[in-house]
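FYI, side chains are in, hydrogens and waters are out, and symmetry mates aren't considered; it's all heavy atoms of this structure. Naming convention: chains lettered A, B, ... in sequence-line order (proteins, then strands); numbering from 1 in each chain.
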Amino acid sequence: VAETKNLLLRLDPELAEQLQAVAAVEGRPMSEVVREAIRSLVEARRQDDAFQDRLRQIAKQQRRALRSLKGLDDG
Amino acid sequence: MGERLDEAGLVWAAALVTGAAPADVVDAVDVAALSALVAEVDAIHDPVRAAAHLLARVVLERPFPMANAAIGWLATVELLQERGLHTAARPRDVVELCAAIRAGRADVAAQLRRWSTRSGFRCPACDRTVYAFSATGPRVLHGTSRAELTARCAFEHRSHDRHGGALATSSPSPIAPAVLARGDCGSVAVAVDGRTLVLSPYCDEPAIYRVSEVGEVSPGDLVGRWDALVARATTVGFVPADDLGALV
């Protein structure tokens with residue numbers, strides 16, 4: 001079922017073509033290729049100290065809300 | 001969507017909330033839903049509406065395997081902050097908002113607009129960030145005058161008074177012991193913390209008083225013979241007369 005979902009990505013045409021080409025050549029679903037692309041982007045973001053610091057700071061400020069919301073999801 | 005809050009940013013938010021490794025989040029996330037979400041939010045220019053769409057989509061569509069409401073809220077606050085807005089809300093109000101989203105009866109953008117204020121207000125007196133916090137009512141910070149920011153900071157941080165001056169430090173007021181009885185030759189019986197102490201002149205030069213503790217005192221002891229009361233007292237120390245102030 002997952003493979004039948006449409007992917008709505010904001011990719012520049014060149015990158016979209018590359019992804020489609022990779023998916024076709026490797027015989028993999030497009031979603032898997034996209035997942036791999038996201039994985040690369042996630043790794044690159046690891047080096048972004050400003051982003052990481054801000055995210056941690058927000059998580060700290062919002063810790064009570066986040067804890068309560070996790071309970072909401074679990075419930 | 002935001003400068004950094006794209007698919008990868010959402011994955012990092014999810015990893016932070018759940019404690020999972022980012023790579024594991026990528027493996028488990030609904031890639032199609034995540035990508036669609038980012039594309040949709042990216043197309044909305046108004047920051048509050050964009051954040052509202054983000055929160056609603058994450059809460060309703062649950063692209064992550066767990067803790068979607070928490071991940072959505074963290075991402076929402078991050079997105080607003082990226083776009084120059086500070087968000088302050090009481091935790092229970094945030095939970096109520098997410099529950100209302102699920103129930104399909106929330107005006108998310110209106111609520112976020114009430115909770116958000118332009119970032120960057122600083123207190124002129126102490127340079128702390130000044131927030132306009134009001135979880136249920138209208139925003140209370142209406143202007144950015146020096147006086148208003150200083151007073152607002154005093155309310156939020158309690159680090160100075162509303163004019164920027166140092167807060168008055170109150171020194172603990174000494175508790176005057178209750179005088180129970182006065183004896184001959186300047187002796188006095190006082191009650192201190194539930195104990196009965198007898199202060200008796202011990203030395204004239206320098207003026208020193210003996211401090212004795214009486215085990216149990218009945219009202220009759222205080223009006224009877226002073227000698228009998230003192231005889232039952234146990235010496236616990238000596239203090240300069242000056243330290244006793246008006247007691248002696």
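The shortest non-hydrogen separation linking A:Leu69 to B:Cys98 is CD2-SG, 3.6 Å. The minimum heavy-atom distance linking B:Val31 with A:Ser31 is given by the pair CG1-O, 4.1 Å. In this structure, B:Pro22 and A:Val42 approach most closely via the heavy-atom pair CB-CG1, 3.6 Å. A:Leu66 and B:Ala70 get closest at one heavy-atom pair: CD2-O, 3.3 Å.
Remark: the backbone N or O of B:Met66 is not paired with any side-chain donor or acceptor of A:Lys70 at under 3.5 angstrom. Checking side-chain atoms of A:Arg35 against main-chain N and O of B:Asp30 turns up no donor-acceptor pair under 3.5 Å.
The part of A:Gln52 that comes within reach of chain B is its side chain, from C-beta onward, which places non-hydrogen atoms under 4.5 angstrom from that chain. In this structure, chain B has no heavy atom under 4.5 Å from any part of A:Arg63. Looking at B:Val95, both its backbone and its side chain come within 4.5 Å of chain A, counting heavy atoms on both sides.
Taking B:Val59, B:Val11, B:Leu16 one by one and counting their heavy-atom pairs under 4.5 Å with chain A, the maximum is reached by B:Leu16.
Among residues two or more places apart in sequence or in another chain, the side-chain contact (heavy atoms from CB on, under 4.5 Å) test is passed with A:Leu41 by A:Arg45, B:Asp6, B:Ala8.
Ion pairing between a basic and an acidic side chain is recognised when a charged N comes within 4.0 Å of a carboxylate O; B:Asp27 and A:Arg39 show such pairing.
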